[in-house]
Colleague: 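Here's a structure for you.
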Amino acid sequence: MKSKKLTALILVGMLLGILVGYLFRQHAGDDAAAIKSFVDGMSILTDIFLRLIKMIIAPLVISTLVVGIAKMGDAKSVGRIGGKTMGWFIGASLVSLTLGLIMVNILKPGVALNLPLPDLHADSGIKASALSLKDFVTHAIPKSVFEAMANNEILQIVIFSVFFGSAMAALGDRAKALIDVIDVVAHVMLKVTSYVMNFAPLAVFGAIAATVAKEGLSILGTYGKFMAQFYFSIGILWVLLIAVGVLIVGPRLLHLMGMIKEPLLLSFTTASSEAAYPKTLEQLERFGVSNKIASFVLPMGYSFNLDGSMMYCTFAVIFIAQAYGIDLTLAQEISMLLILMLTSKGMAGVPRASLVVIAATLAQFNIPEAGLLLLLGIDHFLDMGRSATNVVGNSIATAVVAKWEGELKRH
């Protein structure tokens, strides 16, 4: 399906989802059983699509990354590119977290919300578990590549692929036949991706209809100001990331932003960065980023460069503190930023990862975890913005590293 046609169908799916979800909500009223049945039925469409996406991500990442690293040559090249990539990721992470901290203190959404606070002993349902160094290492290093692929552990797949690709590069001509075979597998997976993408409009329809039916459009009015302030802050982050990208890559980076509108829309409507991965990879290569750079930087970004998710962490923690009338000192806020800088890494693949990280951070600063209840109802709508921002951040990061490496072709 051609890109423009698919984008149009996704938009149609989103609008129909809003309409159908709203009409059903009006019809069902307060019938919880009917709403749950409808939501479960609509969610099947989204679940099918996201499961298909998960089905192709592991073989797509491992095949493109292994071939990309094998074509880089020596381990020195891999280390140099990896160093530049991590340098950008750390810088972008600090910008995202700091901007979230600044904007939430300027806008003060928790103070303005003026909602009755939940019971201090209420359970948010989110397990607060801070990510220790041991947990991070355990999460990052695979004990079996097959287990990592089965669980779609992107970071573990990246680490295995680095070792495997580097070993093939070291073998030189002896590994050429295997590189060619894996390269064919990569192209086959890209073709499979094009088939899977045909289901995207149905997935978007199901996701939006289920969300509107469950929460109702009235929740957007109740939390409208908070959501508007968050999306305004997200918009500023986009401007900063794009501005820095233009300074490094040049004005043509704006063309890349136009090229990724389809994966952006897909990640926004499904609230899933993963759903956009295959199309983002394809568009980056069309933009001129070499395959070896795109297949190396992009999957790493899914573990280390979730800009939207990180900004949300600082924004949400301070919002909850404001809602409870808890004033944090500058030193405490800086400490929080540094803690989130570490605990947010490796959040990819963890269900409702942002909420888990926020819950852990709340506990460390004696802010009632029950404050998460203020966010649970609108988390899906906020996740849509976070997911789209993650796609923007990783696309810019990949283009920037390609420019630094002289691997960005001119068109």
Colleague: Flag this pair as yes if the NZ/CZ of Arg25 is under 6.0 angstrom from the six-membered ring centre of Phe38 and inside a 45 degree cone about the axis; otherwise no.
Modeller: no
Colleague: Would you say the side-chain atoms of Ser194 pair up with the backbone N or O of Lys191, donor to acceptor, closer than 3.5 Å?
Modeller: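 Judged by distance alone, yes, a pair lies under 3.5 Å.
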Colleague: Where the side chain of Thr64 meets the backbone of Ala186, is there a donor-acceptor pair that is under 3.5 Å apart?
Modeller: no
Colleague: With a 3.5 Å cut-off and no angle check, do the side chains of Asn105 and Glu333 form a donor-acceptor pair?
Modeller: yes
Colleague: Is it true that Arg386 and Asp379 have a side-chain N and a carboxylate O under 4.0 angstrom from each other?
Modeller: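 Answer for the salt bridge query: yes.
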Colleague: Say whether, by atom type as modelled, one donor and one acceptor occur between the side chain of Tyr302 and the main chain of Ser273 under 3.5 angstrom.
Modeller: yes
Colleague: Counting the benzene-type ring for Trp, do Phe319 and Phe315 have ring centres under 6.0 Å apart?
Modeller: no
Colleague: How far apart are the closest heavy atoms of Leu240 and Val95, and which atoms are they?
Modeller: CD1-CG1, 4.3 Å
Colleague: Please name the pair of heavy atoms, one in Ala276 and one in Val391, separated by the smallest distance, quoted to 0.1 Å.
Modeller: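 Nearest pair, atom of Ala276 first, then Val391: CB-CG2, 3.8 Å.
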Colleague: When Leu408 is tested against each of Val249, Leu284, Val401 for side chain to side chain contact (heavy atoms under 4.5 Å, CB included), which residue passes?
Modeller: Val249
Colleague: If I take atom CG from residue Asp383 and atom OG1 from residue Thr389, how far apart are they, to the nearest 0.5 angstrom?
Modeller: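 Here the interatomic distance stands at 10.5 Å.
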Colleague: Which residue in the set Val192, Leu190, Ile56 passes side chain to side chain contact (heavy atoms under 4.5 Å, CB included) when paired with Pro278?
Modeller: Ile56
Colleague: Would you check if the side chain of Asp307 reaches a backbone N or O of Asn390 as a donor-acceptor pair within less than 3.5 Å?
Modeller: no
